[in-house]
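In this text, all values refer to a predicted model and were calculated from it rather than measured experimentally. Chain naming here is simple, since letters A, B, ... match the order of the sequence lines and numbering starts at 1 in each.
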Amino acid sequence: MTEQILKTHNLSKAFGGVCAVKDFNMEINAGRIRGIIGPNGAGKTTIFNLLSRIYKEDEGTIEFAGQDVTSKSQIEVARMGLSRTFQNTRLFVGLNVLDNVKVALDHDGKYSLFSALFKLPFRNKQERMIKEKAMSCLELLNLDEFAKLSPSNLSYGYQRRVEIARALANDPKVLMLDEPAAGLNPEETSMLMDFIKDIQAKYPNLAILVIEHRMELIMNLCDHIYVQDSGLTIAEGTPAEIQSNPKVLAAYLGEEE
Amino acid sequence: MALQLTINGISIGAIYALIAVGFAVVFNIMRFSNFAHGGMISACAFISFFFQRAFDPPPPFFVTVLFSAVCGMGIALLIDTLGYRRIRLKNSPKIYYFLMSLTFAILIEQILTVFFGTDIYGFPSVFKSQTFEIGSMIFKTMNIVILAVSVVILVALVWMINKTKIGLAIRAVAINADTSRLMGINSSVIVTVIFIIAGVLAGVSGVFLGVQYGVFPSVGPSMMLKGFIASIIGGLGSLSGAIFAALALGLIEMFLTFFIGATEATVILFGIMLAFLFIRPQGIMGIIVEDKA
Amino acid sequence: MSAYQTGLIVQISITIMTVVAVFAMTGLAGMFSLGQAAYMAVGAYVTFVLSRFLDIPYPITGIISILISILLSWIIAVPTLKLRRDYFALITVGFSQMILALVLLFEDFTRGSIGFSKIPRMDNLLLVSLVGLALIIFWIRNLKYSRFGRMCIALKNDEIAARSFGIDVYHLKIKIYVLASAIASFAGILMALRNRVITPDSFGWAQSAEMQIFLFFGGTNSLTGAILSAGGLKLLPEFVRDVTLFGVSMQEYRTIIYAILIIIVINFRPQGILGEKEINFKWLKNLYRRFKQSILKKNESYD
Amino acid sequence: MKKLLLVLLVLIVVLPLAACQGEPAEVAEEVEEVAEEVGEEAEEVAEEVAEEVEEVVEEEVEDLEPIVIGSIQDLSGPASIPGQANAWGAEYAVQVINENGGINGRMLEIITLDCKNDLNEGINAYRKLVDEHEVTAIIGPPLSNPASGWVELSEEDQVPIVGHFMDEVCTTDPDTGEAYPYMFLAEPSCSSQSFAIAKFAMEELGLTKFATLYNTGNAFAVAHAKPFMEYVVDNGGEVVGEETFTWADTDYSAQALKIVQAAPEAVFLSDYVNQAALAYDFLRDAGYEGVILGANTLALPFPDLVKNEVYDLYYLQNYDMLNPEAGGYELFTTHMEDVGTDYPKSNAGFGWDAVQVLVAAMRKAEDPTNGPELRDLLEQTDGVELAERTITIDPATHRPSNMGMYIADYDENMQIRILTYIEP
């Protein structure tokens, strides 16, 4: 399990002259959880947007599953198995929980628009398969009881879980979580952290990348952490190393003042 | 001949510019195309007509323009209050703004049609057409007035946006509403300012259209599409782009109509627009406006 | 049934057809078009002009006209659907103007503004419209509950999130737009058969706007809502023909009333009258069950 | 004297009763009762009257049912200005006819529906009149757009339609030239109107070089401009410019410039009054100083709409409306008073005329509600008295063969001045 699934080299991006990310280098292996921490405006979400190809980088390379993906589109890397969540919950209104999970599988549904319109038997068979797969994903994460509910009827913590389940439905190679605990109360937060650990256990080959600005949350979740401040990586290492790093403390204390 | 066409093209381009900038200003901040702008223009044309007719002798032209601008402002704020405010507060999807503006466009045109559509109105004889000649060129006095007023208004607007404090705030909100809120800019004040500007523009263009083309319910909406095309070619939301594109549009249209024909011009203009989007989707001036990530 | 009533039913079927197509486009995929009436014009004109001048039976030219609509909508979609929605909406307005200009330009064939008349009588038009309507509703219903429908709803909500699930937003939008345009052109053919004459004025942007208004009134997420509001709002003015208010016939106010209704609906119930509800057998069964329960309860309380 | 009063009294009581469609026997009884009350001496008289009334009432009962005709007009929509005047004219005509005893004793009933200048609405209105109100005939709108949908329907339903759809395509098949059997036009058609003004310009003004400026989006405008150009070319004139615009255009300066360059002696404008006024201004602003000719839409309030001086403008008029000597004077002044408008509107005359044509045929018919019979009679319309002149319909085209047009201009006070009458 030493295969490097996702790797960046000197990744940089600036907006209107303001540098959002500068020379970002990281790598993550299958089955591991790594974290990116840093105060607000440190460029964490920009890194995610670069990795998922929403933004195009100014410089640097991204290597995913052994391929250079810098020239690929958002859709292509998503289909290669790079899955992510967003900072604000982005469940689709108008679809129930099960359908929200199905959406993640739909892009490689096998039936055509024609058989969809006429509701041909082939379509029904495929639909059943999609449903089974989505249900098994929900069952695995103990969310199956909510399948028929509208997401807006769920608590915020459960909405997050559904979102993560949706991101996992298509068996991705990398899961990127953007501030998964934002807006949750302490109880919900700790439940979510258990949930993520649980995922790691259930998907042994999955690499997970987590963004968080509250350090304490991911200290016991990740085995390796990158610390970003104003676009630069100021430190990296194990949680223990990070906790004792004076630069990190300065950045964080500086923020708290 | 080409010179005369150029002069005519610039005159109509100036009117397109007023309309296009009216859209662009709203689009800049609110990120939706305000279809109601055409209806506002029609309403202002009617208001200024009745205002002009209510007095004997009629008030000077600039008074009518000012009055119409104030009314345009009022209508714009009313539409904002009745139509857009709740959508904004609820943070509903953009498509509702779009539909709301469309509904207001239809509503205003229908109200004018039902209550005033059974009569025909022309601006009183104060505006008897006058032309003067320089060499072989014929200039229409009214065109010159419109051109001058448009230039003054547009320059003032661009100056305001680029040089004043409130302009800075507008630009900040246009770039990023969330961040500027953090910076302490009250975005609801900005929205009000935007609608005031749009209303003034609608009021002024209403008088001009009424004087130039007559007072009827569809006078605004019929010009609306041209304003839209200009704002697309200029790059949605870009003020200077819209002005530039509007003038270009006026000229192109004038030459096409002259050399090919009016009906053909409609088809060719659409082709140009489509090709333009294909080749240079960001418009003349600029940046592709993308949905925020 | 009198010819007046069948005529009305055909007209309403046509309206519902177009609104159902707009439901697929706007309600599902979030594309706001103001040019659907132009595709009706393409369907009507191409079918009957070709049929007359090439002497081909109109069912065949009808198919040709739908194919041409598909081609046209594809040409429009390819450059514009890459861009934001606003561009698309504006382009469709321009497109409908262009189609009407073309009708005037080719007046030797279309007879321009005077109108293309002498369209053959179709005896079973009522049957054809109703079967066509049923088929189209069946299609769009299936679409909504297929993977395409789900992907559409996803991209309407949030294009970037949709892309992050590997959904090819651009091509999906093109597909749906082409489908909606094909349906619109079919409706245009039926409208020509009903009116027996085609004039360019029948296909202005006001007609396209009316379709959107009907859709939003019923609810963008509800197919049955769209169907009911299209049928109801289209029929309403026929019933108020003789009612007057302030000495003006209510018919004159109808558009004003629609507009005010829409403003109220968007302000206070943006999801439309039916919201996300679909009226189907299950819904009716639930309603019936609740109704029965409440009666039982009442009876109990009497005991 | 007393006896006479008594008879009068009895009649006053009886007639309304009779009008209330009571059974003849009942009415007679009631009359007797009333008479009893009045007094013994009147009994004799009352009996006599009762007998007479019984006879009259019996006769009337057969035919009491009024003849229902429909009227489809642009009460709203872009053409509501002419449409409402048209509707008024038709309704007023029916009122006058009923006051004068109806059609051979039978009353007329007119049901007016709105078609909004919209094809779909026009067909709905038509279907409603034919299927629900079972009308015998229909008075049509002043514009052709809604009417073009009825050409085949009227034949299928055998309902004659008399109206003012001036485009030839509403009365004759453009491909074969044959008349649509149930469509009848009661005013000079677009082309005969255009011929009239072209004839005037060529013969009276002696002009030969013409240009046209018209709205290709408006059927009315196209149907005027094309025949105008035809006439000019056929009669040795020259068309040096044909410029067009559409509804979407508001600026015609390029077209005006082109016309000025072509240097015609006269320009023919054809469109509704708003656009015509605009076109006039653009032409004058571009430096055009020649003659301008126009369709009948250039009537009042045209001079109020234009911003240039009105000069060398000649246009078509259907009636000599404000001339107290002319036949239609009373009609047009009544209309102006009734609706409270400042301008006389020819459309009031159109509505009136259409009803006259229809009623003349009904009077001759054995069964005035029989569509095919009416149709045959309408085809033979000959010398029927209208608001101002008489009409004879050509059976081959279903359009009037004897109606000409006035040519008018504006005097220095911007009042209409009728110049001449051009025979067809």
Once you round to the nearest 0.5 Å, how far does OG of S146(C) lie from CG of N124(A)?
11.0 Å

If I compare all heavy atoms of I75(A) with all of V169(C), which pair ends up nearest, and what's the gap?
CD1-N, 4.2 Å

Under the criterion side-chain contact (heavy atoms from CB on, under 4.5 Å), I'd like the reasoning laid out for R53(A) against R163(C): C-alpha separation, chi angles, the key distance, then a yes or no.
CA-CA 10 Å; R53(A) 313 307 302 138; R163(C) 276 202 207 99; over 6 Å; no

Can you measure from OG (S164(C)) to CZ (R79(A)) and round to the nearest 0.5 angstrom?
12.0 Å

Under 4.5 Å between any side-chain heavy atoms of I160(C) and I54(A), yes or no?
yes

CG of L117(A) to CZ of F148(C), rounded to nearest 0.5 Å, is 8.5 Å

Please flag which part of L179(C) lies under 4.5 Å from any non-hydrogen atom of chain A: side chain, backbone, both or neither.
side chain

Between chain C and each of S73(A), S112(A), S52(A), count heavy-atom pairs under 4.5 Å; write down the option with the most.
S112(A)

Which one of D158(C), I140(C), L143(C) has the most heavy-atom pairs closer than 4.5 Å to chain A?
D158(C)

Lys/Arg N to Asp/Glu carboxylate O, E127(A) vs R150(C), below 4.0 Å
yes

Kindly check if the number of other-residue, nucleotide or ligand heavy atoms within 6.0 Å of NZ (K133(A)) is above 12?
yes

Has K72(A) got more than 12 heavy atoms of other residues, nucleotides or ligands less than 6.0 Å from its NZ?
yes

When you compare the side chain of R147(C) with that of Q126(A), does any pair of heavy atoms fall below 4.5 Å?
no

Is the shortest side-chain heavy-atom distance between F165(C) and H107(A) below 4.5 Å?
no

If you look at every heavy atom in N142(C) and A116(A), which pair is closest and at what distance?
CB-O, 3.1 Å

Does NZ belonging to K125(A) count more than 12 external heavy atoms closer than 6.0 Å?
no

Heavy-atom distance under 4.5 Å to chain C: side chain of N170(A), backbone, both or neither?
neither

Is the side chain of N221(C) donor-acceptor paired with the backbone N or O of G94(A) at a distance under 3.5 Å, no angle test?
no

Give, for atom CZ of F118(A) and atom CZ of F138(C), the distance between the pair rounded to the nearest 0.5 Å.
8.0 Å

Less than 4.5 Å to any heavy atom of chain C: does that hold for the side chain of L105(A), its backbone, both, or neither?
neither

